[in-house]
Amino acid sequence: MAQPADPSGLGRVLSETMAALQRHNAADAGAPPAPPEGVGEAADGLIRVTAGLPGRLTAVALDPRVMRMPSETLAEEIEAAVNAALTDLQEQATAAVPGQVDLGSLGEQLRRIQEDAGRQFNAFTDALVEAQDRLSKRDGR
């Protein structure tokens with residue numbers, strides 16, 4: 001029997017897409033991206049706060065000179081640094097979400113589509129060949 005036809009080119013396009021995804025996955029197979037981390041500073045850089053997901057402080061660094069500040073001022077500056085770190089974390093976390101695509105899952109879905117489309121194309125082509133054979137036999141050719 002002849003090789004099944006792919007008149008739409010869909011099989012070729014899916015194959016090329018799968019190959020591109022495999023190349024991309026191989027390139028990204030290294031270390032996973034670091035989770036977002038927010039940093040905030042206050043008091044002219046004398047107070048530095050780092051925040052990580054899910055919105056928790058991971059580090060607080062105080063220059064010893066801040067101990068000379070009145071307690072109310074120190075509290076306000078720490079609050080400002082914490083809020084800046086959480087705002088930075090939120091911006092980074094929301095910026096990362098839209099661009100993140102689970103390429104592994106997408107690749108698996110495309111592989112299934114490619115297999116299903118291939119089976120359907122083969123079944124359609126086989127049915128056409130059988131119909132042509134029956135018509136040929138009926139006409140005595």
Side-chain angles (χ1 to χ4, degrees), residues 1-139 141:
M1 182 179 345
Q3 186 79 354
D6 183 7
S8 69
L10 182 60
R12 179 185 48 78
V13 170
L14 287 171
S15 293
E16 290 172 2
T17 303
M18 290 296 298
L21 278 171
Q22 287 171 349
R23 285 191 302 272
H24 186 284
N25 287 340
D28 284 349
E37 183 177 80
V39 177
E41 292 185 353
D44 297 323
L46 298 177
I47 300 171
R48 182 177 172 91
V49 175
T50 306
L53 292 175
R56 295 188 177 264
L57 300 184
T58 57
V60 176
L62 303 175
D63 186 287
R65 292 177 283 177
V66 300
M67 298 306 169
R68 295 184 206 134
M69 292 180 179
S71 61
E72 295 87 18
T73 303
L74 179 58
E76 289 171 359
E77 294 294 333
I78 290 173
E79 181 182 352
V82 168
N83 286 332
L86 292 174
T87 298
D88 186 36
L89 174 64
Q90 183 179 20
E91 289 171 358
Q92 289 186 38
T94 56
V97 170
Q100 290 183 352
V101 175
D102 182 1
L103 293 177
S105 174
L106 179 60
E108 179 62 27
Q109 290 173 8
L110 285 173
R111 184 188 61 74
R112 284 194 305 264
I113 290 169
Q114 183 180 28
E115 289 173 356
D116 291 343
R119 280 192 294 273
Q120 290 173 356
F121 285 141
N122 287 339
F124 178 73
T125 304
D126 290 344
L128 286 176
V129 168
E130 288 175 18
Q132 185 179 14
D133 287 344
R134 277 187 254 135
L135 286 173
S136 295
K137 289 177 184 174
R138 190 174 69 182
D139 291 339
R141 294 183 197 166

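The analysis underlying the following values was restricted to heavy atoms, covering all of them including side chains, and did not include hydrogens, waters or symmetry mates. Here the structure is a predicted model, which means the values were calculated and not measured. Heads up: numbering here begins at 1 and tracks the sequence.
With sequence neighbours left out, the salt bridge (charged side-chain N to carboxylate O under 4.0 Å, His left out) criterion links Arg56 to no other residue.
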Residues 62-69, side-chain donor-acceptor partners within the protein, below 3.5 Å, at least two apart:
unit_1: Asp63; atom_1: OD1; unit_2: Arg65; atom_2: N; d: 2.9
unit_1: Asp63; atom_1: OD1; unit_2: Arg65; atom_2: NE; d: 2.9
unit_1: Asp63; atom_1: OD2; unit_2: Arg65; atom_2: NH2; d: 3.2

Side-chain donor-acceptor distances from residues 74-85 under 3.5 Å, at least two apart:
unit_1: Glu77; atom_1: OE1; unit_2: Ala43; atom_2: N; d: 2.9
unit_1: Asn83; atom_1: ND2; unit_2: Glu79; atom_2: O; d: 3.4

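Rounding to the nearest 0.5 Å places OG1 of Thr50 at 10.5 Å from CG of Leu89.
In terms of heavy-atom proximity, Leu86 sits nearest to Gly55 at CD2-O, 4.0 Å.
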